[in-house]
Peer 1: 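Encoded as structure tokens, here's the structure I'll be asking about.
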Amino acid sequence: MEFDMKEVYKTILQNAKIHIKERVNRKGVIAGALLLLFAAGILSTPRIISVTTGGNVSKKELPIYCVQTDKPQIALSFDAAWGNEDTQRILDTLAKYNVKVTFFMTGGWIESYPEDVKKIAAAGHDLGNHSQNHKQMSQLSKAECIEEIQKPHDLVKQLTGIDMFLFRPPYGDYNNNLVKATYEIKYYPIQWDVDSLDWKDYGATDIVNRVVNHKNLGNGSIILCHNGAKYTADALDSMITGLQDKGFELVPISQLILKDNFYMNHEGRQCVK
């Protein structure tokens, strides 16, 4: 039995704290406390690579954390679940360097900021799906998972004419049911292997150093940022130049991933068959 418990707990708590912080700011202490209890409940969902019981092996279906490639290409992504105050600054900086990225948007964000969705699409960036209600997807039925993905899909289709096909589960929380459901509706489940931790509000310098010098950074890496974190827009210019100085080309996730003839290895790296 193989577990990567430390990484799972860290990832789940990091993502939950982003939304806890926002709910406390907007809805008060009670909402934040309730979300904290919610987050604690998902600690029972470890990232299990394989489980062996009595000689039988049950395979854990993994989303795409990174990609096997000889090209020095990496992908930068932004989760958009609340706020749009810095979205235009982020878009302006990306345009400055002619860098295309991926925005994973919740249905609520799409409904609140439809003009930003159109701007992101017009600028040539990926439009990614981050679920309708930011639920704990591993606790939903397959039908409920599909519904959570389909609603934002339809919203974006109506706004832009684009059929999204990249899905990032809220909190980084998933199970076999979700991964299989995602592929069934012609989506690719996407995680990350480089976390900026921008939600911790340590400052722009910390974000840049953490990403550019991350231990996992390499060909095929997927970087996680948030469009609503306090210092992300401030850090973006130096982050891009720092990654480019290391010889990396920043491409959208849609260009980085393999579309077919692939398998997932034990670390969640998408590999060529």
Side-chain angles (χ1 to χ4, degrees), residues 11-12 15-16 18-19 22 42 61-67 75-84 87 90-91 100-192 222-228 251-259 264 268 270:
T11 298
I12 292 174
N15 283 275
I18 298 172
H19 300 282
E22 181 65 15
I42 62 177
E61 300 290 342
L62 296 176
I64 301 168
Y65 284 79
C66 51
V67 179
L76 182 60
S77 63
F78 295 86
D79 286 1
W82 78 93
N84 75 328
T87 302
I90 290 171
L91 289 174
K100 306 302 181 185
V101 302
T102 305
F103 286 84
F104 288 96
M105 308 168 295
T106 64
W109 196 87
I110 295 166
E111 292 169 337
S112 296
Y113 309 108
E115 294 308 311
D116 284 325
V117 176
K118 293 177 183 178
K119 287 180 183 178
I120 292 169
H125 302 292
D126 282 348
L127 298 180
N129 195 322
H130 199 36
S131 83
Q132 177 65 23
N133 299 299
H134 211 277
K135 291 183 177 180
Q136 184 186 348
M137 301 290 283
S138 68
Q139 300 302 306
L140 303 181
S141 67
K142 179 178 284 189
E144 290 171 328
C145 287
I146 291 174
E147 183 179 7
E148 276 290 308
I149 299 172
Q150 191 63 48
K151 286 183 177 179
H153 182 98
D154 293 342
L155 287 171
V156 166
K157 178 71 171 180
Q158 293 169 8
L159 282 171
T160 68
I162 294 172
D163 285 304
M164 297 188 292
F165 59 89
L166 302 171
F167 175 69
R168 174 169 285 160
Y171 310 106
D173 175 48
Y174 65 92
N175 59 6
N176 284 11
N177 192 52
L178 173 63
V179 174
K180 291 177 180 178
T182 303
Y183 281 119
E184 280 186 17
I185 57 175
K186 303 186 185 307
Y187 264 79
Y188 294 88
I190 306 296
Q191 294 281 78
W192 62 88
I222 297 174
I223 302 168
L224 171 67
C225 293
H226 301 81
N227 76 315
V251 299
I253 293 175
S254 62
Q255 183 177 329
L256 183 70
I257 64 171
L258 304 167
K259 303 301 194 307
M264 304 303 301
Q270 189 189 35

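What you see below is based on every heavy atom in this structure, not just the backbone, and it leaves out hydrogens, waters and symmetry mates. All values derive from a computational prediction rather than experimental measurement.
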Peer 1: Please determine whether side chain to side chain contact (heavy atoms under 4.5 Å, CB included) holds for the pair K100 and H125, giving the CA-CA distance in whole Å, both sets of side-chain angles, and the decisive distance to 0.1 Å.
Peer 2: CA-CA 5 Å; K100 306 302 181 185; H125 302 292; 4.1 Å; yes

Peer 1: If you look at every heavy atom in A181 and I146, which pair is closest and at what distance?
Peer 2: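 The answer is CB-CG1, 4.1 Å.
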
Peer 1: Looking at every heavy atom in both I190 and P63, which two are closest together, and how far apart are they?
Peer 2: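 That closest heavy-atom pairing would be N-CB, 4.4 Å.
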
Peer 1: Can you measure from CD1 (I149) to NE2 (H130) and round to the nearest 0.5 angstrom?
Peer 2: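 The NE2 atom of H130 is 12.0 Å from CD1 of I149, to the nearest 0.5 Å.
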
Peer 1: Applying salt bridge (charged side-chain N to carboxylate O under 4.0 Å, His left out), can you list everything that pairs with E111, at least two apart in sequence or on another chain?
Peer 2: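 For E111 there are no salt bridge (charged side-chain N to carboxylate O under 4.0 Å, His left out) partners, ignoring immediate neighbours.
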
Peer 1: Please check if the number of heavy atoms outside K186 that lie under 6.0 Å from its NZ is greater than 12.
Peer 2: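 No, not enclosed.
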
Peer 1: Could you measure the distance from the CD atom of E144 to the CG atom of N133? Nearest 0.5 Å is fine.
Peer 2: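 Between atom CD of E144 and atom CG of N133 there are 11.0 Å.
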
Peer 1: In Å, rounded to the nearest 0.5 Å, how long is the span from OH of Y65 to CD1 of I222?
Peer 2: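 That separation rounds to 11.0 Å.
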
Peer 1: Can you tell me how far NE2 of H134 sits from OG of S131, rounded to the nearest 0.5 angstrom?
Peer 2: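 That separation rounds to 6.0 Å.
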
Peer 1: Show which side-chain atoms of residues 160-168 pair as donor or acceptor with protein atoms under 3.5 Å away, not counting sequence neighbours.
Peer 2:
{"residue": "T160", "atom": "OG1", "partner": "V156", "partner atom": "O", "Å": "2.8"}
{"residue": "T160", "atom": "OG1", "partner": "I162", "partner atom": "N", "Å": "3.1"}
{"residue": "D163", "atom": "OD1", "partner": "H153", "partner atom": "NE2", "Å": "3.1"}
{"residue": "D163", "atom": "OD2", "partner": "K157", "partner atom": "NZ", "Å": "3.1"}
{"residue": "R168", "atom": "NH1", "partner": "S77", "partner atom": "OG", "Å": "3.0"}
{"residue": "R168", "atom": "NH1", "partner": "D79", "partner atom": "OD1", "Å": "2.8"}
{"residue": "R168", "atom": "NH2", "partner": "S77", "partner atom": "OG", "Å": "3.1"}
{"residue": "R168", "atom": "NH2", "partner": "Q191", "partner atom": "O", "Å": "2.8"}

Peer 1: Using the ring of each side chain (for Trp, its six-membered ring), is F103 parallel, tilted or perpendicular to F78, with breaks at 30° and 60°?
Peer 2: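 If you compare the ring of F103 with that of F78, the planes turn out parallel.
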
Peer 1: Supply the atom-to-atom distance Q139 CD to D173 CG, rounded to the nearest 0.5 angstrom.
Peer 2: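 Rounded to the nearest 0.5 Å, the CD-CG separation comes to 7.0 Å.
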
Peer 1: My understanding is that only residues two or more places apart in sequence, or in another chain, count here; which of them pass salt bridge (charged side-chain N to carboxylate O under 4.0 Å, His left out) with K119?
Peer 2: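 Not a single residue meets the salt bridge (charged side-chain N to carboxylate O under 4.0 Å, His left out) criterion with K119.
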
Peer 1: Taking side chain as C-beta onward, heavy atoms only, is L76 less than 4.5 Å from C225?
Peer 2: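 Yes, their side chains come closer than 4.5 Å.
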
Peer 1: In the structure I gave you, are the side-chain heavy atoms of L140 and E147 within less than 4.5 Å of one another anywhere?
Peer 2: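 Side-chain contact under 4.5 Å: no.
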
Peer 1: Search all heavy atoms of P169 against all heavy atoms of Y174 and return the closest pair with its distance.
Peer 2: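 Scanning both residues completely, I find the closest heavy atoms to be CG-CB, 4.4 Å.
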
Peer 1: Within the 3.5 Å criterion, strictly below it, is a donor on D126 or S254 matched to an acceptor on the partner's side chain?
Peer 2: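 A pair is found: one side chain offers a donor N or O, the other an acceptor, under 3.5 Å apart.
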
Peer 1: Under 3.5 Å, side chain of N227 to main-chain N/O of T87, donor-acceptor pair present?
Peer 2: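 Side chain of N227 to backbone of T87: no pair is present.
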
Peer 1: For the atom pair CG (L127) and NZ (K118), what is the distance rounded to the nearest 0.5 Å?
Peer 2: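 Spacing of CG (L127) from NZ (K118) equals 12.5 Å.
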
Peer 1: Under the 3.5 angstrom rule, does the side chain of Q255 hit a backbone N or O of P252 as a donor-acceptor pair?
Peer 2: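 No, the answer is negative, given that no donor and acceptor are paired below the 3.5 Å cut-off.
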
Peer 1: Carefully, step by step, assess L178 and N175 under the rule side chain to side chain contact (heavy atoms under 4.5 Å, CB included).
Peer 2: CA-CA 5 Å; L178 173 63; N175 59 6; 3.6 Å; yes

Peer 1: Under 30°, 30 to 60°, or over 60°: which ring-plane class applies to Y113 and W109, parallel, tilted or perpendicular?
Peer 2: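 The rings of Y113 and W109 sit tilted, inter-plane angle from 30° to 60°.
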
Peer 1: Checking T102 side chain against I253 main chain: does a donor-acceptor pair fall under 3.5 Å?
Peer 2: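 Yes.
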
Peer 1: So, are K142 and E184 salt-bridged, with charged N and O less than 4.0 Å apart?
Peer 2: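 So K142 pairs with E184 through a salt bridge.
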
Peer 1: What's the shortest heavy-atom distance between L258 and Y188, and which atoms?
Peer 2: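 Residues L258 and Y188, closest heavy atoms: O-CE2, 3.8 Å.
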
Peer 1: After noting the C-alpha distance and the side-chain angles of V179 and L62, does the key distance pass the side chain to side chain contact (heavy atoms under 4.5 Å, CB included) rule?
Peer 2: CA-CA 7 Å; V179 174; L62 296 176; over 6 Å; no

